[in-house]
Student: 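The structure's right below; bear with me while I get my questions together.
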Amino acid sequence: MGSYIVKRILLAIPLLIIISFITFVLINLSPLDPAVVVLQAQEVPQITDELIAQTNKALGFDQPFMIQYANWIMAVVQLDFGNSYVSGEPVWSLMGPAFMNTLKLTLVSSVFIIALSILLGVICAMREGKLLDRSVRGISFFLTAMPSYWLAAMMIWYFSVKLDLLPTSGMDSYRSYILPVIVITVSYTGIYFRTVRSSMLSNMNEDYVLYARASGLSEKKVTLHILRNSLQVAVSIFCMAIPIVLGSTVVIENVFAWPGLGRLSVKSILSRDFPIIQAYVLMLAVTFVLFNTLSDIINAAMNPRLRKEF
């Protein structure tokens, strides 16, 4: 198992390097001179050629492209993403607190998503084709298709404005988590519970289930065996739920004024604050790679055959 983990980590390293290079290239594809972007973001009233040349030299934009990338990646390894074009503050001093706020919202939401997905998936699989199964799937289809921003607005209107039970925005207390977590959970549970249900139904038709029942094993133990084998398929989906939710909180954070990465990224895009945008894109990409690697390791731990095939 140890050698498998080392191989997966070594395989992720070149992928991370490629991602970092693509991120650096995409941000530098702007037709504007980088120095002009910096000066415009700082709202300099008069941009002269001399000022552009000074800015390029000060920020290293006058160096060859690969040297710029090498310097940038060496700094990124040390969590130095440069300074904001707008405020002049270190990017990580802005990204760090925002990342932690988004991570808190993501982890709380993911716990509810995974728990409800497993619960509803098992119940619907055990009641396949019956009223409960059809009702849950119908409601989930409806809620999943509902735009998250509209659902968030309706939740604010009803629970915050009409009933005055919950705060409309901010991150002041545990009560501030309730509405955003509900919206995120509703938006994603309908997707993931169907994965669990489908995997459960597939395993229920396997020969080992027939043999287990024929040997007199209790239905409870048979169900537990089916669930364990079903989760081997669903574990990859659940592992990827965290980075997917992490990267899709932009709308929710802006509706609820949540001080997280999504809100910070929108502000940075509007102000052309490229270092923050660059750090945001790279952080999400790295998160996807790391959780994909983690899902492979967990699958290998649950199914030893995968380690031999690697």
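No experiment lies behind these values; they were computed from the predicted model shown. Starting from 1, each residue takes its place in the sequence as its number.
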Student: Kindly compute the distance separating OG (Ser110) from CG (Leu103), expressed to the nearest 0.5 Å.
Tutor: 9.0 Å

Student: Using modelled atom types only, decide if a donor and an acceptor are shared between the side chain of Ser248 and the backbone of Ile244 within a distance under 3.5 Å.
Tutor: yes

Student: Can you confirm whether Phe141 is buried at CZ, in the sense that more than 12 heavy atoms of other residues, nucleotides or ligands lie under 6.0 Å from that atom?
Tutor: yes

Student: Does the Ser198 side chain pair with the main chain of Arg194, one donor and one acceptor, at a distance under 3.5 Å?
Tutor: no

Student: Please say yes or no: joined through hydrophobic side-chain contacts below 4.5 Å, possibly via intermediate residues, are Val196 and Leu132 part of one cluster?
Tutor: no

Student: Does Val250 belong to the same Ile/Leu/Val/Met/Phe/Trp/Tyr cluster as Leu270, with side-chain heavy atoms less than 4.5 Å apart forming each link?
Tutor: yes

Student: In residues 85-96, what donor-acceptor pairs under 3.5 Å come from side-chain atoms, sequence neighbours left out?
Tutor:
from	atom 1	to	atom 2	distance (Å)
Ser87	OG	Ser84	OG	3.4
Ser87	OG	Glu89	N	3.3
Ser93	OG	Pro90	O	2.5

Student: Give a yes or no on whether Tyr158 atom OH has more than 12 heavy-atom contacts from other residues, nucleotides or ligands under 6.0 Å away.
Tutor: no

Student: Between Gln278 and Thr23, is there a side-chain donor-acceptor contact under 3.5 Å, judged purely by atom types and distance?
Tutor: no

Student: What distance do Ile242 atom CD1 and Thr106 atom OG1 have between them, rounded to the nearest 0.5 Å?
Tutor: 8.5 Å

Student: Does this structure show an ion pair linking Asp273 with Lys267, if we count only N-O contacts that are shorter than 4.0 Å?
Tutor: no

Student: Looking at Asn71 and Gln63, what are the two nearest heavy atoms and their distance?
Tutor: ND2-OE1, 3.1 Å

Student: Determine, stepwise, if the pair Leu79 / Phe81 fulfils side-chain contact (heavy atoms from CB on, under 4.5 Å).
Tutor: CA-CA 6 Å; Leu79 294 181; Phe81 295 93; 4.3 Å; yes

Student: Grab the two heavy atoms, one from Leu166 and one from Ser160, that are nearest each other, plus how far apart they are.
Tutor: O-OG, 2.9 Å

Student: So Arg197 and Val122, side-chain contact (heavy atoms from CB on, under 4.5 Å) or not? Walk me through it.
Tutor: CA-CA 6 Å; Arg197 177 183 178 276; Val122 172; over 6 Å; no

Student: Does Met74 share a hydrophobic cluster with Val77, counting links as ILVMFWY side-chain heavy atoms below 4.5 Å and allowing steps through other members?
Tutor: no

Student: Could you measure the distance from the CG atom of Leu179 to the OG1 atom of Thr168? Nearest 0.5 Å is fine.
Tutor: 9.0 Å

Student: Does a sphere of radius 6.0 Å around CZ in Phe288 hold more than 12 heavy atoms from other residues, nucleotides or ligands, not counting ones at 6.0 Å or beyond?
Tutor: yes

Student: Closest heavy-atom contact between Ala152 and Val255?
Tutor: CB-CG1, 3.7 Å

Student: Would you sort out whether Val245 and Thr249 count as a side-chain contact (heavy atoms from CB on, under 4.5 Å), showing the intermediate values?
Tutor: CA-CA 6 Å; Val245 173; Thr249 57; 4.2 Å; yes

Student: Can a donor-acceptor pair be found, under 3.5 Å and without considering hydrogens, that links the side chain of Ser265 to the backbone of Gly262?
Tutor: yes

Student: So do Leu264 and Tyr280 actually touch side chain to side chain, heavy atoms under 4.5 Å?
Tutor: no

Student: Would you say Ser140's side chain and Arg137's backbone share a donor-acceptor pair under 3.5 angstrom?
Tutor: yes

Student: About how many Å separate CG of Leu10 and CG of Leu15, when rounded to the nearest 0.5 Å?
Tutor: 13.0 Å

Student: Identify the heavy atoms of Thr144 and Ile191 that sit nearest to each other, and give their distance.
Tutor: CG2-CG1, 3.8 Å

Student: Stepwise, does the side-chain contact (heavy atoms from CB on, under 4.5 Å) test hold for Val25 with Phe65?
Tutor: CA-CA 9 Å; Val25 169; Phe65 178 80; 3.6 Å; yes

Student: Do the ring planes of Trp72 and Phe24 sit parallel (below 30°), tilted (30 to 60°) or perpendicular (above 60°)?
Tutor: tilted

Student: If hydrophobic clusters are built from ILVMFWY residues whose side chains come within less than 4.5 Å, do Val183 and Trp150 share one?
Tutor: yes

Student: For Gly129, is there any backbone N or O sitting under 3.5 Å from a side-chain donor or acceptor partner on Arg134?
Tutor: yes

Student: Is it the case that one hydrophobic cluster holds both Tyr149 and Met155, taking links as side-chain heavy atoms less than 4.5 Å apart, direct or via other members?
Tutor: yes

Student: How far does OG1 of Thr102 sit from NZ of Lys104, to the nearest 0.5 angstrom?
Tutor: 10.5 Å

Student: Compare all side-chain heavy atoms of Ile182 with those of Ile178 and state whether any distance is below 4.5 angstrom.
Tutor: yes

Student: Work out which heavy atom in Ser117 is nearest to a heavy atom in Ile113; give both atom names and the distance.
Tutor: OG-O, 2.6 Å

Student: Indicate yes or no for a side-chain donor-acceptor contact from Glu128 to the backbone of Cys124 under 3.5 Å, with no hydrogens or angles considered.
Tutor: no

Student: Which value, rounded to the nearest 0.5 Å, describes the distance between Ile276 atom CD1 and Met283 atom CE?
Tutor: 11.0 Å

Student: Would you say Ser187 and Leu143 make side-chain contact, with heavy atoms under 4.5 Å?
Tutor: no

Student: Can you pull the ring pair (Phe, Tyr, Trp, His ring centres under 6.0 Å) pairs that have at least one residue in residues 164-201, sequence neighbours excluded?
Tutor: Tyr177-Trp258

Student: Closest approach of Gly247 and Leu284, non-hydrogen atoms and distance?
Tutor: CA-CD2, 3.9 Å

